Amino acid sequence: MSMPERIKPVLLPLATLLAFEAWMRLAAVQSDSLAPPSAIALALVGALTDGSLLTATRDTLASAFAGLVLGGAIGLVLGIALGLSQIFDRLMEVTIEAIRPIPSVALLPIALIALGFGYRMEIAIVAFACVWPVLIVTRAAVGSIEPRLIEVARVLRLSQLDRISKIVIPAALPRIFLGFRLAAGIALIVAVTVEIAINPLGLGAGIMIAQQALRPDLMLAYLVWIGVTGFVLNAALMAAQRGLFGRAAAAGEQA
């Protein structure tokens with residue numbers, strides 16, 4: 001891709017920012033919820049310099065990743081079991097479809113009573129949200145494995161554990177990774193939402209503190225940083241997916 005082609009995608013956002021900056025300055029807008037892009041950039045640099053933004057990012061990512069690992073592991077195990085056993089899939093269908101639509105943040109009162117404020121409560125909520133994308137994608141991936149591979153495992157008289165580790169997981173891994181990539185984005189969103197709603201730590205708490213201090217520039221700087229963090233996280237996972245699976249990654253995305 002040539003340099004002009006690479007620049008084109010950023011032209012519209014850049015023009016929008018410049019127009020918004022000009023409007024805020026020329027109209028002398030005074031607002032408790034808006035700030036010029038230049039002020040947001042200065043607030044972002046200041047928060048990075050004093051370390052508060054990096055500390056908040058560490059807290060949010062720690063909860064998000066821990067919840068992703070826990071929820072992803074549960075979703076992976078259940079997804080493999082459901083994909084391999086049609087009987088188990090039918091037995092669990094109503095239960096899963098009844099629980100899955102429950103918004104993760106609706107569990108906040110229960111989690112708060114059971115676990116209190118802090119990392120454990122946030123990790124539990126994130127884990128609940130991450131179970132479902134991994135479970136659904138894994139179940140579909142395992143269920144669509146070429147039947148001849150399963151027959152080969154039977155002919156070789158592999159144990160159930162060997163069948164899963166040597167046949168099922170390698171065949172379904174590209175699509176399973178896609179499920180984890182989807183869950184990673186959900187983990188970040190839910191972690192920040194929990195912090196905004198109730199948990200006094202991380203990026204969400206930083207947004208609320210800036211809002212209560214009537215610092216729209218800092219509040220919006222946190223929002224921009226969350227967007228940058230999510231973009232970098234997704235780009236890193238996409239690069240890892242392509243590096244690990246090559247063409248199989250693209251096939252998994254299209255499936």
Side-chain angles (χ1 to χ4, degrees), residues 7 9-68 103-109 111-112 115-127 129-130 183-237:
I7 294 175
V10 303
L11 291 179
L12 181 58
L14 183 59
T16 302
L17 289 175
L18 291 175
F20 187 68
E21 176 80 22
W23 174 68
M24 291 286 291
R25 297 297 183 185
L26 295 175
V29 176
Q30 299 294 325
S31 173
D32 292 334
S33 58
L34 296 176
S38 58
I40 296 172
L42 289 174
L44 180 61
V45 172
L48 286 171
T49 302
D50 64 24
S52 59
L53 188 57
L54 296 178
T55 300
T57 304
R58 178 203 64 196
D59 293 339
T60 296
L61 290 182
S63 298
F65 282 134
L68 174 63
S104 55
V105 292
L107 301 177
L108 278 175
L112 185 60
L115 302 172
F117 292 103
Y119 288 108
R120 290 191 303 166
M121 181 264 289
E122 188 171 333
I123 290 170
I125 299 296
V126 172
C130 290
I186 293 172
L188 180 60
I189 293 170
V190 173
V192 173
T193 302
V194 171
E195 292 163 359
I196 291 174
I198 201 168
N199 209 24
L201 56 82
L203 295 170
I207 291 175
M208 297 307 297
I209 292 171
Q211 184 263 336
Q212 293 164 4
L214 300 179
R215 288 283 311 277
D217 55 340
L218 183 58
M219 179 180 69
L220 294 173
Y222 269 90
L223 289 175
V224 170
W225 182 253
I226 292 170
V228 171
T229 302
F231 179 84
V232 171
L233 176 62
N234 184 62
L237 290 173

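These figures come from a predicted structure and were not determined experimentally.
The two atoms that bring L53 and L44 nearest to each other are CD2-CD1, 3.4 Å, heavy atoms only. Of all non-hydrogen atoms in A47 and L218, the two that sit nearest each other are CB-CD1, 4.1 Å. When all heavy atoms are compared, the tightest approach of L188 to I226 is CD2-O, 4.2 Å. Of all non-hydrogen atoms in I198 and M121, the two that sit nearest each other are CG2-CE, 3.7 Å. Contact between A43 and R215 at its shortest, heavy atoms only, is CB-NH2, 4.1 Å. Shortest non-hydrogen contact noted between E122 and S63 is OE2-CB, 3.3 Å.
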Inset, instruction - Apply side-chain contact (heavy atoms from CB on, under 4.5 Å) to the pair L42 and D217, showing each step before the final yes or no. - result: CA-CA 8 Å; L42 289 174; D217 55 340; over 6 Å; no
Inset, instruction - Output, in order, the C-alpha distance, side-chain angles, deciding distance and verdict of side-chain contact (heavy atoms from CB on, under 4.5 Å) for L223 and L220. - result: CA-CA 5 Å; L223 289 175; L220 294 173; 3.7 Å; yes
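Under a 3.5 Å cut-off, the side chain of N199 and the backbone N or O of F117 do not form any donor-acceptor pair. At distances below 3.5 Å, at least one donor-acceptor pair connects side-chain atoms of D50 with backbone N or O atoms of S52. In this structure a side-chain-to-backbone donor-acceptor pair under 3.5 Å is present from T60 to L203.
Counting heavy atoms from C-beta on, the side chains of P36 and I40 never come closer than 4.5 Å. The side-chain heavy atoms of V190 and S104, taken from C-beta on, include a pair separated by under 4.5 Å. For the pair V126/F65, no side-chain contact is recorded, criterion being any heavy-atom separation below 4.5 Å from C-beta on.
Remark: I123 CD1 to L68 CG distance equals 11.5 Å, nearest 0.5 Å. Rounding to the nearest 0.5 Å gives a distance of 9.5 Å between CE of M208 and CE of M219.
Using modelled atom types, one finds a donor on one side chain and an acceptor on the other under 3.5 Å when comparing D59 with Y119.
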